[in-house]
> 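What follows is a single structure, and I will ask about it in a moment.
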Amino acid sequence: AQSVTQLDSQVPVFEEAPVELRCNYSSSVSVYLFWYVQYPNQGLQLLLKYLSGSTLVKGINGFEAEFNKSQTSFHLRKPSVHISDTAEYFCAVSAATRAGKSTFGDGTTLTVKP
Amino acid sequence: SAVISQKPSRDICQRGTSLTIQCQVDSQVTMMFWYRQQPGQSLTLIATANQGSEATYESGFVIDKFPISRPNLTFSTLTVSNMSPEDSSIYLCSVEGQGSPLGELFFGEGSRLTVL
């Protein structure tokens, strides 16, 4: 089984500041890692994913994440946030044997202030 | 990518009634997934709907409470039966993207149910 821990439930940050949203996971098998974003009153959409290869992955809207196998982490970063980045962010893991059945973290609310 | 439409987008229901949520996908998919997102919480997988077979339910979810239909490769329904206030949640339909068999999911906009 897999589990996901998002270390920060809320992250307030000023516009144009950098941000890091932290995610740790545990699993007994190899996993694939994802970050999703949920804007108010909308469904989730994929920001980025790590399947294999380079540990630094880039996604949409200027976000990137780094997979660290030794620390079992997959932290999300953005060098300069905008007001429009205010949303809920979910880290998720999926094992190849349970394709599509992702386990989600509890979410991090990112609030960007002017 | 996949475009997923859900109906209703929101509803207010009375205790003891049942509501059926519809999910339509713009392409044929093997598996469709139903998730629940309780207020202020994360997503929990309810069940996997496969065309032509019974849905597979996750621990803590049963068919009598959440019956699912999957009549073809582009459509599924989830019924929330005998509702109580604890069933107030957002219910999300999702599918894997085409050419993406590795867990990446696409979601509908959700159906927000409030049970009084």
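Within every chain, numbering begins at 1; the chains are lettered A, B, ... in the order of the sequence lines, protein sequences first and strands thereafter.
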> Not counting sequence neighbours, list each pair that qualifies as a disulfide (SG to SG under 2.5 Å) and has a residue in residues 24-54 of chain B.
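Qualifying pairs, neighbours excluded: none.
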> Could you pull out all donor-acceptor pairs under 3.5 Å where a side-chain atom in residues 22-29 of chain A meets a protein atom, sequence neighbours excluded?
residue : atom : partner : partner atom : Å
A:R22   : NE   : A:D8    : OD2          : 3.1
A:R22   : NH2  : A:D8    : OD1          : 2.9
A:S26   : OG   : A:S3    : OG           : 2.5
A:S27   : OG   : A:V29   : N            : 3.1
A:S27   : OG   : A:V29   : O            : 2.8

> Can you name the residues of residues 36-44 of chain B that have some heavy atom under 4.5 Å away from a heavy atom in chain A?
B:Q37, B:Q41, B:S42, B:L43
> For A:Q38, which atoms come within 4.5 Å of any heavy atom of chain B: side chain, backbone, both, or neither?
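Answer is side chain: those atoms of A:Q38 sit under 4.5 Å from chain B.
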> Looking at A:E64 and A:K58, is any side-chain nitrogen of the basic one under 4.0 Å from a carboxylate oxygen of the acidic one?
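Yes, charged N to carboxylate O under 4.0 Å.
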> Quick check on A:Q42: does its CD atom have over 12 non-hydrogen neighbours (other residues, nucleotides or ligands) under 6.0 Å away?
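Yes, the 6.0 Å shell around CD holds more than 12 heavy atoms from other groups.
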> When rounded to the nearest 0.5 angstrom, what is the spacing between CG in B:L45 and OG in A:S102?
9.0 Å
> For B:V29 versus B:M32, what's the shortest heavy-atom pair and its separation?
CG2-CG, 3.7 Å
> If you count heavy-atom pairs within less than 4.5 Å of chain B, which of A:T109, A:D106, A:V4 leads?
A:D106
> Got a list of side-chain donor-acceptor pairs under 3.5 Å for residues 10-22 of chain B, not counting sequence neighbours?
residue : atom : partner : partner atom : Å
B:T17   : OG1  : B:Q14   : O            : 2.7
B:S18   : OG   : B:N82   : N            : 3.2
B:T20   : OG1  : B:T79   : OG1          : 2.8

